[in-house]
Student: 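Pasting a structure here, questions to come.
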There are 2 protein chains.
Amino acid sequence: MALEHAILVSLTEQAATGYDLARRFDASIGYFWRASHQQIYKTLARMEADGWVSATIEPREGTADKKTYAITDAGREELTRFTAEPSPREALRSDFAVKLRGLADVTAIVEDTRRRRADHVERLDRYEASAKRHYPDPDAVEERERGAYLALRGGILSERMGIAWCDEILDQLETRSDR
Amino acid sequence: MALEHAILVSLTEQAATGYDLARRFDASIGYFWRASHQQIYKTLARMEADGWVSATIEPREGTADKKTYAITDAGREELTRFTAEPSPREALRSDFAVKLRGLADVTAIVEDTRRRRADHVERLDRYEASAKRHYPDPDAVEERERGAYLALRGGILSERMGIAWCDEILDQLETRSDR
DNA sequence: CAAGACATGTAACTGGTTACATGATTCG
DNA sequence: CGAATCATGTAACCAGTTACATGTCTTG
């Protein structure tokens, strides 16, 4: 389970509320881990019980208290322990590949593939823009940003391969007649 | 949810017992969908209740009956319906990327990356061997095998990109001193 | 005769999703 | 004053994992 660890990594960079974390998971960390705010609040509660994070409470009237979470020493230890254990291979589950394998309706799959390709292109653009902005010189990435840079590179390579796959599929399935 | 649909695709090709399906999910279909036998039995029961598959029962003494499942017309309809709906983007969740992003222990990550690279190489070899054996001429793939071929191509591209990523990571993190 | 393949399951648990619910503050 | 953003949750459900459980048949 790595949601906990993704949160720990994020808190290492900067203390945050559940809401902040949810936004980070929509952006940079979301490149390789998605999480809803409900899931994040649930997980933070468990992590606090485990002593991996500690909350600073800011009472508010009329609504729930604001809680800002910071990583604890125990949390840092847990992160080190987690880093040391071998990562399991990602369980790959692709609805798209299942459809493709079945190839029940070529027209529908071509359509789906085009949609998918457009999505990859859009993400690739975002990632490349982000890379250009934050790491204009890849050979001079700062020590403490190296991890984030390499993770982003993974995103870029992954989107490029996605596009290449879509192109192969379209090349084989598209009839010359339509567009 | 696509386990049901992965099963339907598999049964379209050939009727099978739960045990057979579990083995198929360890092999070809397992390139893009993993499932344990427990999960498969549970899902088959639900699918039978939904009328998507029908079981031929072969009674056996002293142990549970053998059930061979075949896809029904309702199952084929469901598969068509599923193919027509747009595929959701895969939820990407990578323990490895979380670790990399945190970069808490460079030595541990280098080790993990090497392990990961070896795994990608091994899979790539298997996929390429399979491609060579089943589809020696990519331009002459039979109509009804096109889906399987394109899915396998996805696997190949994905492993290649995995290797490329590992190489970039190792290139940036490996000190010249070790190996 | 033992090991491994064939064959089917149950039970407890965990992580994640979807739907629902509430309320304050800020900015155009 | 209304929309967006900030902020925190609960409840019901579902899919998937892990551990446990059983028994036959085939082959070396």
Side-chain angles (χ1 to χ4, degrees), chain A residues 1-8 14-27 29-30 32-50 52-53 55-69 82 88-95 98, chain B residues 1-8 14-27 29-30 32-50 52-53 55-69 82 88-95 98:
Chain A
M1 222 290 285
L3 172 56
E4 295 167 347
H5 302 104
I7 289 175
L8 288 177
Q14 174 83 56
T17 63
Y19 186 86
D20 293 334
L21 286 168
R23 272 186 316 168
R24 290 188 203 167
F25 276 81
D26 266 353
I29 298 168
F32 45 86
W33 203 279
R34 298 251 119 222
S36 64
H37 73 104
Q38 293 95 326
Q39 183 65 14
I40 288 168
Y41 285 119
K42 227 197 291 188
T43 305
L44 279 171
R46 192 174 59 229
M47 291 169 76
E48 196 184 4
D50 289 344
W52 297 354
V53 297
T56 310
I57 291 164
E58 181 188 315
R60 292 179 304 173
E61 269 162 55
T63 189
D65 294 347
K66 176 172 170 176
K67 295 176 201 163
T68 304
Y69 292 92
F82 169 73
R89 160 120 193 152
E90 280 86 51
L92 93 101
R93 293 208 157 107
S94 167
D95 279 40
V98 168
Chain B
M1 222 290 286
L3 172 56
E4 295 166 347
H5 301 103
I7 289 175
L8 288 177
Q14 173 83 55
T17 64
Y19 186 85
D20 292 333
L21 286 167
R23 272 185 317 169
R24 290 188 202 167
F25 276 81
D26 266 353
I29 297 168
F32 46 84
W33 204 279
R34 298 250 121 222
S36 64
H37 73 103
Q38 293 93 328
Q39 184 64 17
I40 288 168
Y41 285 121
K42 225 197 292 188
T43 305
L44 278 171
R46 192 174 59 229
M47 291 169 76
E48 197 184 3
D50 289 344
W52 296 354
V53 296
T56 310
I57 293 164
E58 180 188 317
R60 292 180 304 172
E61 269 162 55
T63 189
D65 295 347
K66 175 172 170 175
K67 296 177 199 160
T68 303
Y69 292 92
F82 169 73
R89 159 118 192 154
E90 280 85 50
L92 94 100
R93 293 208 156 107
S94 167
D95 279 40
V98 167

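On a predicted model such as this, the values are computed, not experimentally measured, just so you know.
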Student: Just how far is it from atom CG of A:Leu3 to atom CZ of A:Arg34, taken to the nearest 0.5 Å?
Tutor: 12.5 Å

Student: Measure the CD1-CD1 distance between A:Ile7 and A:Ile29 for me, rounded to the nearest 0.5 Å.
Tutor: 9.0 Å

Student: Once you apply a heavy-atom cut-off of 4.0 Å, does A:Glu61 come out as touching a base, just sugar-phosphate, or nothing?
Tutor: sugar-phosphate

Student: Phosphate oxygens OP1/OP2 of C:dT8: is one of them under 4.0 Å from a side-chain N or O of B:Tyr19?
Tutor: no

Student: In whole angstrom, give the distance that lies between atom OH of B:Tyr69 and atom P of C:dA7.
Tutor: 13 Å

Student: Check residues 55-66 of chain B and write down every donor-acceptor pair under 3.5 Å in which the side-chain atom is one partner and the other belongs to a residue at least two apart or another chain.
Tutor:
from, atom 1, to, atom 2, distance (Å)
B:Arg60, NE, B:Ala64, O, 2.9
B:Arg60, NH2, B:Ala64, O, 2.4
B:Asp65, OD1, B:Arg60, N, 3.4

Student: Measure CG/A:Asp26 against P/D:dA4 and give the value in whole Å, please.
Tutor: 17 Å

Student: Checking contacts here: which listed nucleotide (C:dA7, C:dG9, D:dA7) is nearest the side-chain heavy atoms of B:Thr17?
Tutor: C:dA7

Student: Just to be sure I understand the rule, does A:Lys67 reach a base, reach only the sugar-phosphate, or reach nothing, if contact means heavy atoms closer than 4.0 Å?
Tutor: sugar-phosphate

Student: Tell me what A:Arg46 touches on the nucleic acid: a base, only sugar-phosphate, or nothing, going by heavy atoms under 4.0 Å.
Tutor: sugar-phosphate

Student: Any chance you could lay out the salt bridge (Lys or Arg N to Asp or Glu O under 4.0 Å) test for A:Arg23 and A:Asp26, step after step, and finish with the verdict?
Tutor: CA-CA 5 Å; A:Arg23 272 186 316 168; A:Asp26 266 353; over 6 Å; no

Student: Rounded to the nearest 0.5 Å, what separation is found between the OG1 atom of B:Thr68 and the CD atom of B:Gln14?
Tutor: 10.0 Å

Student: Need one value for B:Arg93: base, sugar-phosphate or nothing, where a base atom within 4.0 Å counts as base even if backbone is also close, heavy atoms only.
Tutor: sugar-phosphate

Student: Can you tell me how far C1' of C:dT25 sits from CG of A:Asp65, to the nearest Å?
Tutor: 16 Å

Student: For D:dC25 and B:Arg60 - does any side-chain N or O of the residue sit under 4.0 Å from the phosphate oxygens OP1/OP2?
Tutor: no

Student: Go through D:dA7, C:dC6, D:dA12 for me and flag the one nearest to the A:Lys42 side chain.
Tutor: D:dA12

Student: From CD1 of B:Ile40 over to C1' of C:dT10, roughly how many Å is that when rounded to an integer?
Tutor: 16 Å

Student: Under a 3.5 Å threshold, yes or no: a donor from one side chain and an acceptor from the other, between B:Glu4 and B:Thr43?
Tutor: no

Student: Kindly calculate the angle separating the two end axes of the helix from C:dC1-D:dG28 to C:dG28-D:dC1, each obtained from five base pairs, and round it to 10 degrees.
Tutor: 40°

Student: Output the single nucleotide from C:dG9, D:dT17, D:dC6 whose closest atom is nearest the side chain of A:Arg23.
Tutor: D:dC6

Student: The side chain of B:Gln38 lies closest to which of these nucleotides: D:dT5, D:dC20, C:dT8?
Tutor: D:dC20

Student: Between C1' on C:dG15 and CZ on A:Phe25, what's the gap in Å once rounded to a whole number?
Tutor: 14 Å

Student: Would you kindly give the CG-to-C1' distance between B:Leu44 and C:dT10, to the nearest whole Å?
Tutor: 16 Å

Student: Any side-chain N or O of A:Gln39 below 4.0 angstrom from OP1/OP2 of C:dG16?
Tutor: yes

Student: CG of A:Asp50 versus C1' of C:dT14: gap in Å, rounded?
Tutor: 14 Å

Student: For the pair made of NE2 in B:His37 and P in C:dA5, what is the distance, rounded to whole Å?
Tutor: 14 Å

Student: Is there a side-chain contact between A:Val98 and B:Trp33, using heavy atoms and a 4.5 Å cut-off?
Tutor: yes

Student: Between A:Tyr41 and D:dG9, does any side-chain N or O lie under 4.0 Å from OP1 or OP2?
Tutor: no

Student: Starting at the 5' end of DNA chain C and moving along, which residue's nearest nucleotide shows up first, A:Leu3 or B:Lys66?
Tutor: B:Lys66

Student: According to the interplanar angle, ranging from 0 to 90°, do the rings of A:His5 and A:Phe82 count as parallel (below 30°), tilted (30 to 60°) or perpendicular (above 60°)?
Tutor: parallel

Student: Nearest of C:dA7, D:dG9, D:dA7 to any side-chain atom of A:Asp20?
Tutor: D:dA7

